[in-house]
Amino acid sequence: MAILFVIALCAPPLWAGSLSLSRQEQLAHLITQDCGSCHGLNLTGGLGRAITPEALKGRTVEGLQTIVLDGIPGTAMPSWRPLLSETEAKWIAAYLLEVNE
Amino acid sequence: MRLLSALVIYLTLTLGAIAQLAVHATGDLGVVIERTTGSVLIVDQSDMDVLARVEGFGDLSHASAVFSPDERYAFIFGRDGGLTKLDLVTQTIAGRVMQAGNSIGGAISDDGLLVAVSNYEPGGVRVFDAETLDLVADFPTGSKTIGLVDAPGGRFVFSMWDSGETWIADMSGAAPEVTKITGMGVNPYDALITGDGRRYIVGLFGEDGLSTLDLWSETPTVQRVLPGYGHGEEPLPVYKMPHLEGWALAGDRFALPAVGRHEVLWLDAQRLTELGRTKTHGQPVFAVARPDGRHVWVNYAHPNNDTIEVIEAASGEILHTLKPGPAVLHMEFSARGHRVWVSVRDANRIDIYDTHTFEKIGEIPAQTPSGIFFTARAHRIGL
């Protein structure tokens with residue numbers, strides 16, 4: 001996980017400039033621990049599906065950002081809009097897809 | 001003279017060997033899951049200290065443990081399908097199998113001979129010989145399987161997230177016998193069995209209410225309880241599923257976490273009717289009765305997970321609020337309830353409280369601690 005942190009923090013997406021480094025660290029922690037409570041600590045799945053880069057192949061940053069913000073009705077995936085900004089949700093989507101450009 | 005010095009040497013060696021053995025009886029030991037590092041702490045409750053850190057358990061997110069009847073072994077259920085047998089005496093791993101791809105807890109039979117694991121992938125329950133960890137039985141369910149508990153009479157009971165069924169697997173005969181009960185409700189997310197082994201209570205994510213089965217009945221049928229407790233209101237987003245555990249009985253009532261609401265629900269333990277509800281700081285994750293049933297301690301889902309509230313069972317009033325720190329994940333009482341250990345994940349710490357004064361009396365360092373399990377669970381149905 002430490003390695004992932006380094007990768008993510010060394011090469012953040014350009015538009016992530018508005019997120020402070022400490023906020024980015026918090027979001028990475030949130031992904032591991034709190035997304036992880038349903039999707040597994042290694043994001044390999046649990047009650048929620050696997051959300052590793054391989055498992056998310058074919059998804060777009062925008063598509064994932066929408067799911068993070070609005071959840072998936074009829075499933076256990078909640079809307080994170082009350083807790084996260086659009087930029088933060090986009091950062092999470094890019095982090096999950098390991099998109100850095 | 002030579003005989004005397006030989007005797008002295010013999011005694012010195014023998015006493016030295018005994019001193020090195022450092023015997024620890026297991027009755028007030030416990031284990032703490034360190035979720036991120038895949039390690040487990042063996043802790044001493046009375047000394048409020050760590051005896052050992054044992055590594056090599058794999059992915060321990062949402063891990064849990066049960067104990068052998070002699071309190072020597074802990075069986076640790078990992079997220080990644082790992083079932084690991086930890087020897088508390090030698091402080092080493094005594095056995096380990098990767099039994100599935102994705103798991104969600106387990107149970108040990110009343111005779112201590114079988115350990116069952118509940119799996120998401122492939123969905124179902126697998127049962128293992130507690131001594132050898134050899135596979136004994138396999139119950140594929142075609143669904144994510146949750147709420148696995150042991151019931152008296154060599155039975156395991158478990159429920160299906162996708163199909164809304166509960167199965168009772170009776171392991172007492174030559175071949176397992178399965179009783180299937182359909183229509184438990186939409187998306188069961190967890191379940192508990194009461195300490196007397198009689199009632200199995202299933203929490204539902206997909207509908208407003210809970211379901212119960214009377215396991216003393218020859219043909220258990222579904223009984224809905226607290227139907228419509230959300231009054232049809234849109235539930236709040238659920239950032240962490242509540243947990244149901246066999247510590248719900250508080251005197252004459254059950255304390256149950258509401259889903260998608262900032263409430264603890266009170267259910268009459270005899271009539272199974274609502275007695276009231278308590279407004280809480282956040283969405284409850286655990287509502288755990290102190291073993292005497294007088295108080296219920298409640299922790300909360302993200303982002304309100306820095307707080308614990310203590311509710312008086314008889315009145316439903318909040319007696320006390322604690323702010324242990326970021327991400328309180330689990331609470332474990334001593335067998336007689338005089339102390340409680342609290343895992344504070346993001347502070348990398350276990351806090352220990354006196355449950356009568358609410359004073360913090362100790363803390364121990366732990367790496368992202370989650371579940372805490374004391375060996376006294378060995379002697380409780382459903383834990």
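Each chain gets a letter, A, B and so on, in the order its sequence line appears, and its residues count up from 1. Because the structure is predicted, anything quoted here is derived from the model rather than measured.
Shortest non-hydrogen contact noted between S37(A) and R79(B) is O-NH2, 3.5 Å. When all heavy atoms of N305(B) and D34(A) are compared, the closest pair comes out as ND2-OD1, 4.4 Å. Of all heavy-atom pairs spanning V238(B) and P78(A), the tightest one is O-CG, 3.3 Å.
Heavy-atom pairs under 4.5 Å with chain A peak, among D80(B), D346(B), T368(B), at D346(B). Contact count against chain B (heavy-atom pairs under 4.5 Å) is highest for G46(A) among C35(A), G46(A), S79(A), G36(A). Interface remark: of the candidates Y189(B), Y239(B), F205(B), Y239(B) forms the most heavy-atom pairs closer than 4.5 Å to chain A.
If you measure heavy-atom distances from S103(B) to chain A, you find no contacts under 4.5 Å at all. If you measure heavy-atom distances from L47(A) to chain B, the contacts under 4.5 Å come from both the backbone and the side chain. Looking at R35(B), both its backbone and its side chain come within 4.5 Å of chain A, counting heavy atoms on both sides.
Counted by atom type alone, Q33(A) and T36(B) present one or more donor-acceptor pairs between their side chains at under 3.5 Å.
Heavy-atom contacts from other residues, nucleotides or ligands closer than 6.0 Å to CZ of R59(A) number 12 or fewer. Around atom NZ of K323(B), more than 12 heavy atoms belonging to other residues, nucleotides or ligands sit under 6.0 Å away.
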The test is side chain to side chain contact (heavy atoms under 4.5 Å, CB included); show your working for L41(A) and H62(B) and say whether it passes. CA-CA 9 Å; L41(A) 194 71; H62(B) 206 288; over 6 Å; no
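At least one side-chain heavy atom of P82(A) sits less than 4.5 Å from a side-chain heavy atom of P237(B).
In this structure, CG on D59(B) lies 4.5 Å from CG on N42(A), to the nearest 0.5 angstrom.
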